A.B. asks: 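Submitted below is the structure of interest, expressed as C-alpha cells.
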Amino acid sequence: MAFKSDDDRNAYWRKNINLMLTLLVVWALVSYGFGILLRPMLDAIPVGGVGLGFWFAQNGSIYVFLFLVFFYAKKMRQLDREFGVDDD
Amino acid sequence: MDLQTLTYIVVGATFALYMGIAVWARAGTTGEYYAAGRGVHPVANGMATAADWMSAASFIGMAGLIAFKGYDASIFLMGWTGGYVLLALCLAPYLRKFGKFTVPDFIGDRYYSRSARIVAVICLIVASLTYVIGQMKGIGVAFSRFLDVDYATGLYAGMGIVFFYAVLGGMKGVTYTQIAQYCVLIFAYTVPAVFISLNLTGNPLPQLGFLSDTADGTPLLVKLDQTLVDLGFAEYTAQKGGTFNMLMYTLSLMMGTAGLPHVIIRFFTVPKVSDARTSAGWALLFIAILYTTAPAVGSMARLNLTNTIQDPAFDIGDPQGNLVYDERPDWFRNWETTGLLEFEDKNGDGRIQYYNDQNPEFAAMAEKEFGWKGNEMVKVDRDIMVLANPEIAKLPNWVIALVAAGGLAAALSTAAGLLIAISSAISHDLLKSTFMPHISEKQELMSARIAMAGAILVAGYLGLNPPGFAAQVVALAFGLAASSIFPVLMMGIFSSRINNIGAVSGMLVGLTSTLVYIFTYKGWFFVQGTNMLPNTPDSWFLGVAPEAFGAIGALLNFVTAFIVTKMTAPVPEEIRHMVEDIRFPKGAGAAQDH
C-alpha cells in the first residue's frame with residue numbers, strides 16, 4: 001500500500017485530475033480557441049503583418065503546449081512527494 | 001567536388017554511423033528488445049521519440065503542405081504537436097507504470113479479454129503497416145533523386161540498413177540510431193531554413209523571420225498574400241475551409257498522435273514514471289524545433305518559387321516578367337526530370353505563366369488582357385518545397401547533400417519505430433500472450449527477430465508495389481488510432497468501471513464508423529469509383545472531411561463503451577486494484593522485472 005489511507009489516495013487523484021483538466025483547458029484555448037474560433041478577434045492585434053490568431057495557429061500554440069507538458073511534470077513531482085508516492 | 005560525390009559521402013557517413021551504433025547496441029533479452037531495458041535517459045528518449053515521430057511526411061511533405069494551404073495547414077501544426085499534451089498528461093505516465101511491453105498488452109490485461117487484445121493488435125498492425133509504406137516510398141524517392149540510383153535499388157539499400165539495426169538491436173538498437181538520426185534530420189532541416197530566412201528577411205531565426213519585413217519594408221506574409229492575390233490565388237493567411245471541419249480535423253490528429261502505438265511504446269523505455277512525464281516534454285521540444293520552422297520554410301519557399309517564375313520587378317501581364325523557359329535555372333531542370341515539376345507552353349510564347357486558372361474571373365481577365373491560355377506550371381509537387389529549397393535559394397552543395405541525408409534519416413527512423421511496434425505485437429501479443437504462452441524467453445526473442453524480418457519484407461514489398469491508395473492511408477492510420485486505440489486507453493486509465501464487453505464494443509463501433517465514413521467518400525478499400533458520395537465539402541456530414549472523422553469515431557467509441565458497460569457485468573475486483581495501482585508512480589521500478 002503506497003498511500004497512508006484511502007482518503008489520501010482519493011485526495012491525490014483529485015488533485016491530479018484538477019491539474020490535468022486546468023492544463024487541458026489552456027491547451028484547448030490556445031489551439032481551438034485562439035488559433036481557430038477566436039482568430040477573427042485576435043487578429044485585431046497585429047503580429048508580423050498578420051494577426052495574433054494566425055501566429056497562435058502556426059507557432060504560438062506549440063510554445064504553450066511545451067510549457068504545459070513541463071509544468072505538469074514539475075507539479076506532479078511535487079504532488080508525488082507530498083503524498084509519498086514518488087518513484088525516486 | 002560535385003554534388004553527386006558529396007551526397008554519396010554525406011549519406012554514406014550517416015549510414016556508417018547507424019551501422020556502428022547497431023553493433024554497439026545489440027539486444028540480449030526480450031526486455032532490451034522490446035523496451036531497451038528501460039534504461040533510456042528521458043532526454044535521449046525525447047530525441048528518439050522525435051525522430052520516431054517525424055516521418056518522411058513531416059520532413060519532406062509538411063512545409064509544402066503549408067506552402068500551398070497557408071493558414072488552413074495550421075491543423076497539422078497544432079494537431080501533430082498538441083497530441084503530445086494528451087500523451088504526456090493522460091497516457092504516457094500511467095502506461096509506463098503499468099510496466100509491460102506493448103499497447104495491446106495494456107488493453108488485453110485491463111479489459112481481461114483476449115478479444116480486446118486481438119482487436120488492438122489488428123488496429124495496431126493496420127495503422128502501422130499503412131504508415132510504413134509511406135516511409136519506404138520516401139526512402140526510394142530520396143535515393144533515386146539524390147544518389148541517382150533507381151527506386152528499387154534505393155529501397156533495397158534502405159531495407160538492408162533497417163534490417164541490420166532493427167533485427168540485431170530491437171528497441172535498444174533503434175533507440176540509439178534514432179538519436180543519431182534526429183541530429184542529422186534537424187540539422188538538415190534548420191540549416192537551409194536559416195539561410196533562406198537570412199536571405200529574405202535578414203533575420204537568422206526562421207520563427208521570427210517569417211514575421212519580419214522583407215528588404216523593401218513590407219512584412220513577408222503581407223507580400224506573399226499580395227503576390228498570390230495578384231496571380232488569382234487565394235490569400236495565404238486567409239481561412240479557406242469550414243471552421244467545424246478544422247476543429248474536428250485538429251482534434252482527430254491530436255487523438256491519433258496520442259494513440260499511435262509506435263509513439264506510446266517509446267515511453268516504456270524510460271526508467272521511471274516521472275521520466276515518462278518529462279520525456280514527453282523533451283520529445284515535444286525536439287519536435288517543436290522542426291514544427292515551428294516549417295511555417296517559415298513553407299511561406300518563404302512559396303514566395304521564392306513564385307518570384308522565380310513571375311519576376312516581381314515587372315507588372316503582371318508584362319511578358320518581361322515571365323521566366324523564359326529556355327533560361328530556367330538548373331534546379332528547375334533537375335526536378336523536371338523527376339516529374340515533380342511539369343511545364344506545358346499553352347500559349348506558345350516560350351515563357352512560363354504561373355497563375356490560378358481555376359479562378360474563372362482572373363483566368364478570363366488574363367486571357368483577354370495578357371493572352372494567357374492557362375496555368376503552364378501543370379505540376380508543382382508540394383514535396384519540392386523542401387527538397388528543392390536549398391537549390392532555389394542558391395545554397396552551397398553541401399547543404400543539398402545534407403537535405404538528402406536528412407530525408408533518409410526521417411524515413412528510416414520512423415520506419416524502424418513502426419516495425420518495432422509491429423514485430424512486438426506479433427511475437428509478444430499474438431504468440432507469447434495468446435497462442436503459444438509456453439515459449440521460453442529465448443524463443444520469444446527469436447520470434448521477435450523473425451517477425452521483424454518478416455515485417456521488413458512485407459513493408460519492402462508494399463513499398464515496391466505501393467497500392468493505389470498509398471497516399472490516402474495516412475488518414476486511415478490516424479483515424480484508426482484516434483477512434484479505436486485512444487478512447488480505450490483513456491477509459492482504461494480514468495475509469496475503473498468500463499468492462500471487457502464495453503471496451504470491445506466501443507473499439508469495434510469506433511473502428512467501423514470511421515472506416516465506413518472514410519470508404520463512403522474515398523471508395524471501399526480505396527478502390528476508385530466505389531465511393532458512394534462525392535468527396536467534396538458539400539456532401540460531407542456536417543462538413544467534416546473523411547480525414548477529420550477520427551474524433552467523431554472516438555466519441556461513438558466512448559458512448560458505446562459506457563452504455564454497454566451499464567448493461568453488462570461489473571469489472572472484477574482485481575482489475576479495479578490494477579487501475580488504482582497505475583495511478584501513482586511509486587513502485588514502477590519493480591515492474592521492470594516483468
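So that the names make sense, note that chain A is the first sequence line, chain B the second, and so on, each numbered from 1. Here the structure is a predicted model, which is why all the values come from computation and not from measurement.
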A.B. asks: Please report the shortest heavy-atom distance between A:V69 and B:A88, naming the atom on each side.
C.D. replies: CG1-CB, 3.6 Å
A.B. asks: Backbone N or O of B:K272 within a donor-acceptor pair of the A:D87 side chain at under 3.5 Å?
C.D. replies: no
A.B. asks: Compare every heavy atom of B:Y71 with every heavy atom of A:A57, then report the nearest pair and how far apart it is.
C.D. replies: CB-CE1, 3.6 Å
A.B. asks: Name the region of A:I17, side chain, backbone, both or neither, that has any atom closer than 4.5 Å to a heavy atom of chain B.
C.D. replies: side chain
A.B. asks: For chain A, which candidate among B:I66, B:T218, B:L86, B:L208 shows the most heavy-atom pairs at distances under 4.5 Å?
C.D. replies: B:L86
A.B. asks: If I take atom OG from residue B:S74 and atom CH2 from residue A:W55, how far apart are they, to the nearest 0.5 angstrom?
C.D. replies: 13.0 Å
A.B. asks: Give a yes or no on whether the ring-centroid distance for A:W27 and B:Y84 is below 6.0 angstrom.
C.D. replies: no
A.B. asks: Can you tell me how far the CZ atom of B:F244 sits from the CG atom of A:L37, to the nearest 0.5 Å?
C.D. replies: 10.5 Å
A.B. asks: Who wins among B:L211, B:L87, B:D225 for the most heavy-atom pairs under 4.5 Å with chain A?
C.D. replies: B:L211
A.B. asks: Consider side chain to side chain contact (heavy atoms under 4.5 Å, CB included). Of B:T237, B:L220, B:L224, which one does A:V50 pass it with?
C.D. replies: B:T237
A.B. asks: Which atom names give the shortest non-hydrogen contact between B:A238 and A:R39, and what distance separates them?
C.D. replies: C-NH1, 4.3 Å
A.B. asks: With a 4.0 Å cut-off, would you call B:D581 and A:R9 a salt bridge?
C.D. replies: no
A.B. asks: Roughly how far apart are A:F65 CZ and B:M78 CE, rounded to 0.5 Å?
C.D. replies: 7.0 Å
A.B. asks: Assign the ring pair B:W282 / A:F70 to parallel, tilted or perpendicular, where the plane angle (0 to 90°) is split at 30° and 60°.
C.D. replies: perpendicular
A.B. asks: Measuring from atom CG of A:L66 to atom CZ of B:F286, what distance do you get when rounded to the nearest 0.5 angstrom?
C.D. replies: 10.5 Å
